[in-house]
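First the structure, in the form of structure tokens, and then the observations on it.
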2 protein chains.
Amino acid sequence: MNIGEAAKKSGLPAKTIRYYEETGLIAPAGRTAAGYRSYSEADVHTLSFLKRARDLGFSVKDCAVLLSLYQDKNRSSADVKAVARQHIDRIVAKIEELEQMRSTLETLVSQCHGDDRPDCPILEDLAH
Amino acid sequence: MNIGEAAKKSGLPAKTIRYYEETGLIAPAGRTAAGYRSYSEADVHTLSFLKRARDLGFSVKDCAVLLSLYQDKNRSSADVKAVARQHIDRIVAKIEELEQMRSTLETLVSQCHGDDRPDCPILEDLAH
DNA sequence: ATAGGGTTTCCAGTTACTGGAAGGTCAAGG
DNA sequence: CCTTGACCTTCCAGTAACTGGAAACCCTAT
């Protein structure tokens with residue numbers, strides 16, 4: 001099948017599939033006589049795997065690792081788990097950072113009357 | 001004062017200050033005879049404002065808006081509040097997205113025995 | 001033959017810096 | 001006066017992961 005169909009089936013934009021190929025995340029696709037990329041169901045499966053992993057927030061580098069573990073029948077599940085754990089840790093840290101921002105911002109916003117007068121606790125906070 | 005001292009006082013790296021100047025977020029600094037950038041206390045105040053706004057997660061574009069509101073004595077606090085509210089909304093959306101990922105990942109990780117055997121619910125999830 | 005859609009490559013833009021190289025400047029010490 | 005080390009300058013490249021768009025080729029149906 002052509003890249004458009006592979007894109008539809010995997011959920012990844014065609015542009016992204018080409019990008020993944022160019023950067024070496026996936027092997028170069030086969031080509032038709034006319035030079036069109038050609039994908040098998042197995043290829044689509046791999047692309048869907050990547051789509052799912054990306055949706056879970058794994059970096060492309062993590063995806064490469066996960067993909068190679070997936071394809072390695074002698075893998076240790078501990079290796080997979082370690083990648084996931086680290087990823088969770090990063091997510092949790094990010095959430096905490098965002099919660100902190102949100103909390104501060106909510107306080108400031110609640111203190112700002114938000115009318116046509118210029119005095120504003122938000123700006124006052126930023127200024128000190 | 002030179003850029004190094006302005007950097008120390010504002011908390012922004014010198015590289016970042018130059019970058020802000022180059023991209024027009026701040027006005028070009030004055031120069032000494034030798035071509036060194038020269039900063040006043042007022043400049044440092046502006047830089048600190050930006051540092052604080054960035055630490056609260058505002059985009060550089062938002063910072064430009066906030067800065068111009070800050071410098072506009074005829075501003076309406078409603079305008080400031082609107083920028084902050086939108087920013088909070090984006091943060092909240094991001095937190096929800098991350099919480100969703102975290103939740104899914106925690107479930108998968110808890111199901112993975114994490115030893116030297118290859119079977120792994122994490123990979124199985126990604127594969128479907 | 002032509003119209004439309006799909007495909008190709010390549011280049012540029014996004015966000016907000018950060019690292020590093022090559023070279024000029026300044027103040028202190030000898 | 002000279003050197004040394006810390007600053008400063010500009011400029012170029014790289015980061016993460018795409019996304020948009022241009023110019024041109026291909027395929028199918030009417």
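The figures here come from the full heavy-atom set of this structure, side chains too, leaving out hydrogens, waters and symmetry mates.
Distances shown here put every side-chain N or O of B/Thr23 at or beyond 4.0 Å from the OP1 or OP2 atom of C/dA16. The phosphate of D/dA17 has neither OP1 nor OP2 within less than 4.0 Å of any side-chain N or O from A/Tyr20.
The shortest side-chain heavy-atom distance between A/His113 and B/Lys81 does not fall under the 4.5 Å cut-off.
For B/Ser48 (side chain) and B/Val44 (main-chain N/O), a donor-acceptor pair under 3.5 Å exists by modelled atom type. A donor-acceptor pair under 3.5 Å is formed between the side chain of A/Arg75 and the backbone N or O of B/Pro118. Between the side chain of B/Ser40 and the backbone N or O of B/Asp43, at least one donor-acceptor pair lies under 3.5 Å. Remark: side-chain polar atoms of A/Ser38 are not paired, donor with acceptor, to backbone N or O of A/Thr32 under 3.5 angstrom.
If you take CG of A/Leu25 and P of D/dA17, they are 10 Å apart, rounded to a whole angstrom. Counting to the nearest Å, the P atom of C/dA16 and the CG atom of B/Leu50 are 12 Å from each other. For the pair A/Lys51 NZ and D/dA17 P, the computed distance is 15 Å after rounding to whole Å.
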Decide side-chain contact (heavy atoms from CB on, under 4.5 Å) for B/Val60 and B/Leu50; before the verdict, give the C-alpha distance in whole Å, the side-chain angles of both, and the deciding distance to 0.1 Å.
CA-CA 8 Å; B/Val60 170; B/Leu50 292 173; over 6 Å; no
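Residues B/Phe58 and B/Ala33 both approach DNA chain C. Their nearest nucleotides, taken by heavy-atom distance, put B/Phe58 toward the 5′ side.
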Could you encode protein contacts along nucleotides 1-16 of chain D as a string, one character per nucleotide from 5' to 3', using B for base contact, S for sugar-phosphate-only contact and - for no contact, with a heavy-atom cut-off of under 4.0 Å?
------BSBBB-----
